[in-house]
Number of protein chains: 2
Amino acid sequence: MKHQINHEKDLQNAGLESTPVRQAVLHIIEEQKSPIDVASIVSSLESHNIKADKVTVYRILDLLAEKGLIARLEFQEGKFRYEVATSDHHHLICLNCGKIDAIEDNWIEDLEKEIKQKKGFIVQRHSIEFYGLCAECQKKST
Amino acid sequence: MKHQINHEKDLQNAGLESTPVRQAVLHIIEEQKSPIDVASIVSSLESHNIKADKVTVYRILDLLAEKGLIARLEFQEGKFRYEVATSDHHHLICLNCGKIDAIEDNWIEDLEKEIKQKKGFIVQRHSIEFYGLCAECQKKST
DNA sequence: TTAGGTGCAAATGATTTGCAATAAT
DNA sequence: ATTATTGCAAATCATTTGCACCTAA
């Protein structure tokens with residue numbers, strides 16, 4: 001369980017000034033179980049009674065992503081989502097209920113080695129998402 | 001080597017009326033070696049002297065994707081790209097020169113089985129991209 | 001003639017830019 | 001004072017919607 005105070009450290013470690021808005025944005029992204037979009041971050045700030053302009057949020061997100069504190073994702077929605085940068089995992093997006101789950105795996109590392117061997121291409125990061133039906137929706141909608 | 005005439009068949013097989021613009025869009029996407037965005041498709045139509053509104057192109061792309069003739073992709077650019085739907089492969093996007101290569105693999109099928117076992121999630125489609133440095137750019141930029 | 005295809009104008013949504021106001025060191 | 005942070009207005013870019021017009025079966 002992380003507390004707000006840790007975000008101050010995280011920010012400082014990343015060489016960023018720790019401001020209330022930055023801490024709050026980091027906190028909101030962290031307390032979220034699945035990747036969150038900018039509009040949701042903005043309204044979450046409002047409900048936390050933290051006054052911050054949308055533009056400021058965009059700029060903070062750019063900074064945090066640049067410094068590697070958060071990861072920027074796309075789920076074929078025409079917008080970005082963010083999550084805290086943690087151990088490697090891939091997202092499972094249910095096409096029926098929209099729920100986003102995640103899974104870790106041991107396959108991709110080997111696949112990236114193969115990419116290096118076959119293509120000489122060095123993978124720095126990847127974007128891997130699976131779209132389908134979660135267990136619950138298979139029962140309901142089928 | 002496919003000819004325009006095949007696109008007529010492709011469209012009809014998909015249950016779509018074969019119009020000049022639809023054939024041209026399909027042709028442009030097919031002659032492209034890597035996934036192409038909408039703006040490029042529109043200007044390509046212009047240079048082929050085919051008059052078509054941007055909106056029409058969007059609608060055609062939606063149709064073609066819906067019918068499975070083309071695939072809709074995202075490369076973290078905030079816009080969509082399209083390619084002909086072919087055998088399964090993943091994209092290698094060079095962060096230095098922007099070149100987009102592709103690779104086939106035998107890993108993902110097994111990973112999707114594991115997802116089914118571990119999570120009960122049934123994968124219908126996936127989005128898998130690797131970002132890094134292509135062989136040429138490793139020589140130059142390093 | 002009738003449904004589907006297209007064009008044009010305008011709306012929407014996400015993101016970015018410029019610049020002035022503000023806060024922190 | 002000087003630099004970085006934020007707010008506000010407006011611009012930009014990708015995509016969508018509404019509606020009228022046109023065209024092929």
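Numbered from 1 within each chain, the chains take letters A, B, ... in sequence-line order.
For the pair A/E77 CD and C/dT15 P, the interatomic distance rounds to 10 Å; values are reported in whole Å. Atoms NZ (B/K79) and C1' (C/dT16) sit 15 Å apart, rounded to a whole Å. Computed from coordinates, the B/L45 CG to C/dG7 P distance equals 10 Å when rounded to whole Å. Rounded to whole Å, the distance from CZ on A/F80 to C1' on C/dG13 is 13 Å. The nearest whole Å value for the distance from the CD atom in B/E66 to the C1' atom in C/dG4 is 14 Å. Counting to the nearest Å, the C1' atom of C/dT6 and the CD1 atom of B/I60 are 9 Å from each other. Rounding to whole angstrom units, CD1 of residue B/I50 and C1' of C/dG7 are separated by 16 Å. A/R81 places its CZ atom 13 Å from the C1' atom of C/dA14, with the value rounded to the nearest Å.
End-to-end axis angle of the helix from C/dT1-D/dA25 to C/dT25-D/dA1, from C1' rotation axes over five pairs per end: 20° (rounded to 10 degrees).
In this structure, A/R22 contributes its side chain and A/E17 its backbone to a donor-acceptor pair below 3.5 Å.
Here salt bridge (Lys or Arg N to Asp or Glu O under 4.0 Å) pairs that include residues 90-100 of chain A, with residues two or more places apart or in two chains, are A/K99-A/E136.
Residues passing the side chain to side chain contact (heavy atoms under 4.5 Å, CB included) test with B/R72, sequence neighbours excluded: B/D62, B/F80, B/Y82. When the salt bridge (Lys or Arg N to Asp or Glu O under 4.0 Å) test is applied to A/K118, the partners found at least two apart in sequence or on another chain are A/E114. Partners of B/S44 under the side-chain hydrogen bond (donor to acceptor under 3.5 Å, both in side chains) rule, at least two apart in sequence or in another chain, do not exist in this structure. With sequence neighbours left out, A/K116 forms a salt bridge (Lys or Arg N to Asp or Glu O under 4.0 Å) with no residue at all. For the side chain to side chain contact (heavy atoms under 4.5 Å, CB included) test, residues two or more places apart in sequence or in another chain that qualify with A/D101 are A/L92, B/K119. Under the ring pair (Phe, Tyr, Trp, His ring centres under 6.0 Å) criterion, B/H91 pairs with B/F75, B/H89, not counting sequence neighbours. Considering only residues two or more places apart in sequence or on other chains, A/K67 meets the salt bridge (Lys or Arg N to Asp or Glu O under 4.0 Å) condition with none of them.
With rounding to the nearest 0.5 Å, the separation of CD in B/E66 from CG in B/L16 is 8.5 Å. In this structure, B/D53 CG and B/I60 CD1 are separated by 10.5 Å, a value rounded to the nearest 0.5 Å. We find the CD-OG distance between A/Q76 and B/S127 to be 5.0 Å, quoted to the nearest 0.5 Å.
Of the residues in residues 51-59 of chain B, those lying under 4.0 Å from DNA chain C by heavy-atom distance are B/K51, B/A52, B/D53, B/V55, B/T56, B/R59.
Aromatic ring centroids of B/H126 and A/H90 lie 6.0 Å or more apart.
Scanning DNA chain D 5' to 3' for nucleotides with an atom closer than 4.0 angstrom to a non-hydrogen atom of chain B gives a first and last hit of D/dA14 to D/dG18.
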Sub-3.5 Å pairs of nitrogen or oxygen atoms, protein against nucleotides 22-25 of chain C:
none

